[in-house]
Peer 1: 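Below is a structure I'd like to ask you about.
In this chain, numbering begins with 1 at the start of the sequence shown. Keep in mind that the numbers below use all heavy atoms, side chains included, and drop hydrogens, waters and symmetry copies.
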Amino acid sequence: RMKYILSIDPGGKPPNGTTGVALFRVGARVELVDTWAIEAGAYGFAEWLVNMRYLLLKADTVVCEKYVPYNKAGDPSPMLIEGMVMYQWPKAIFQPASGKNTAIPDRLLKELGWYEDKSHHHDVREAIRHGLFYLKKLNHHAVLRWFK
């Protein structure tokens, strides 16, 4: 059976960022099903969650960036989004941002055709990268093949 992985890169409120979301279908191959760039911070994400509930129930695994506030957290949106993810998916996997860019380089995303991103801080691209980073850490054979 195909599995679905939903990958989330929480973003701030406008104009600082959008929340990037990517949905993967994972079997023998890894396919990018859809992506979203969600604006309006935590409120926008909450509205998206409600509107997309029918689709989100498909997700077998949810991966979300663990937000680390630097110095002082000026915009609480990423932490609020994290809370919504925890509530919606109590078994969600939270992983740090550190390491993902080295593990899943731009070169690979360009080769796959998954690099282009219209969102403000490349939040969709980073959501894709989080999903692939998770699969690489799991030693998913299709992902590991891309590195040979």
Peer 1: Give a yes or no on whether F94 atom CZ has more than 12 heavy-atom contacts from other residues, nucleotides or ligands under 6.0 Å away.
Peer 2: yes
Peer 1: With rounding to the nearest 0.5 angstrom, report the OH to OG distance, Y43 to S77.
Peer 2: 8.5 Å
Peer 1: Check whether any side-chain heavy atom of T61 sits under 4.5 Å from a side-chain heavy atom of L6, and report yes or no.
Peer 2: no
Peer 1: With heavy-atom distances below 4.5 Å as the criterion, would you say the side chains of K110 and E116 are in contact?
Peer 2: no
Peer 1: How about V85 and I8: do any of their side-chain heavy atoms sit closer than 4.5 Å?
Peer 2: yes
Peer 1: Got a sec: does the CD of E47 have more than 12 other heavy atoms crowding it under 6.0 Å?
Peer 2: no
Peer 1: Quick one: side-chain hydrogen bond (donor to acceptor under 3.5 Å, both in side chains) pairs with a partner in residues 87-106, sequence neighbours left out?
Peer 2: R53-Q88, Q95-H130, Q95-K137, K100-E126, D106-R129
Peer 1: Test of understanding: with side chain to side chain contact (heavy atoms under 4.5 Å, CB included), list the residues that count as partners of A142, not counting sequence neighbours.
Peer 2: V30, H140, R145
Peer 1: Surrounding CD of E82 (heavy atoms of other residues, nucleotides or ligands, distance under 6.0 Å), is the total greater than 12?
Peer 2: yes
Peer 1: Who pairs with L138 by side chain to side chain contact (heavy atoms under 4.5 Å, CB included), at least two apart in sequence or on another chain?
Peer 2: Y134
Peer 1: What is the distance from atom CD of E39 to atom OG1 of T19, rounded to the nearest 0.5 Å?
Peer 2: 10.0 Å
Peer 1: Measuring from D9:CG to I128:CD1, what's the distance to the nearest 0.5 Å?
Peer 2: 10.5 Å
Peer 1: Quick check against the 3.5 Å criterion: does D123 have a side-chain atom that pairs as donor or acceptor with the backbone of T18?
Peer 2: yes
Peer 1: Same hydrophobic cluster for L49 and V33, using side-chain heavy-atom links shorter than 4.5 Å among ILVMFWY?
Peer 2: yes
Peer 1: Report yes or no: do L112 and I5 belong to one cluster of Ile/Leu/Val/Met/Phe/Trp/Tyr joined by side chain heavy-atom distances under 4.5 Å?
Peer 2: yes
Peer 1: Measure across D75 and G12 and return the closest heavy-atom pair with its distance rounded to 0.1 Å.
Peer 2: OD2-CA, 3.0 Å
Peer 1: Between L23 and W36, does the side-chain contact (heavy atoms from CB on, under 4.5 Å) criterion hold? Intermediate values first, please.
Peer 2: CA-CA 9 Å; L23 180 67; W36 297 266; 3.9 Å; yes
Peer 1: I need the minimum non-hydrogen distance between P96 and F133, along with the two atoms involved.
Peer 2: O-CE2, 4.5 Å
Peer 1: Compare all side-chain heavy atoms of V124 with those of V21 and state whether any distance is below 4.5 angstrom.
Peer 2: no
Peer 1: Considering all heavy atoms of both residues, which atom of R125 and which atom of W114 are nearest to each other, and what is their separation?
Peer 2: CG-O, 4.5 Å
Peer 1: List the atom of S7, the atom of A127, and the distance in Å for their closest heavy-atom pair.
Peer 2: OG-O, 2.5 Å
Peer 1: Tell me whether L32 is reachable from I38 by hopping between hydrophobic residues (I, L, V, M, F, W, Y) whose side-chain heavy atoms are closer than 4.5 Å.
Peer 2: no
Peer 1: If you compare all heavy atoms of I81 against all heavy atoms of G11, which two are closest, and at what distance to 0.1 Å?
Peer 2: CD1-O, 3.5 Å
Peer 1: Side chains of L135 and V26: closer than 4.5 Å at any heavy-atom pair?
Peer 2: yes
Peer 1: Is the shortest side-chain heavy-atom distance between K3 and F24 below 4.5 Å?
Peer 2: no
Peer 1: Taking C-beta and beyond as the side chain, do P10 and E65 meet within less than 4.5 Å on heavy atoms?
Peer 2: yes
Peer 1: Quick check: is M86 connected to M52 through a chain of hydrophobic side chains (ILVMFWY, heavy atoms under 4.5 Å apart)?
Peer 2: yes
Peer 1: Check for a donor-acceptor pair, side chain of D60 on one end and backbone N or O of Y4 on the other, with a separation under 3.5 Å.
Peer 2: yes
Peer 1: P105 versus F147: any side-chain heavy-atom pair under 4.5 Å?
Peer 2: yes
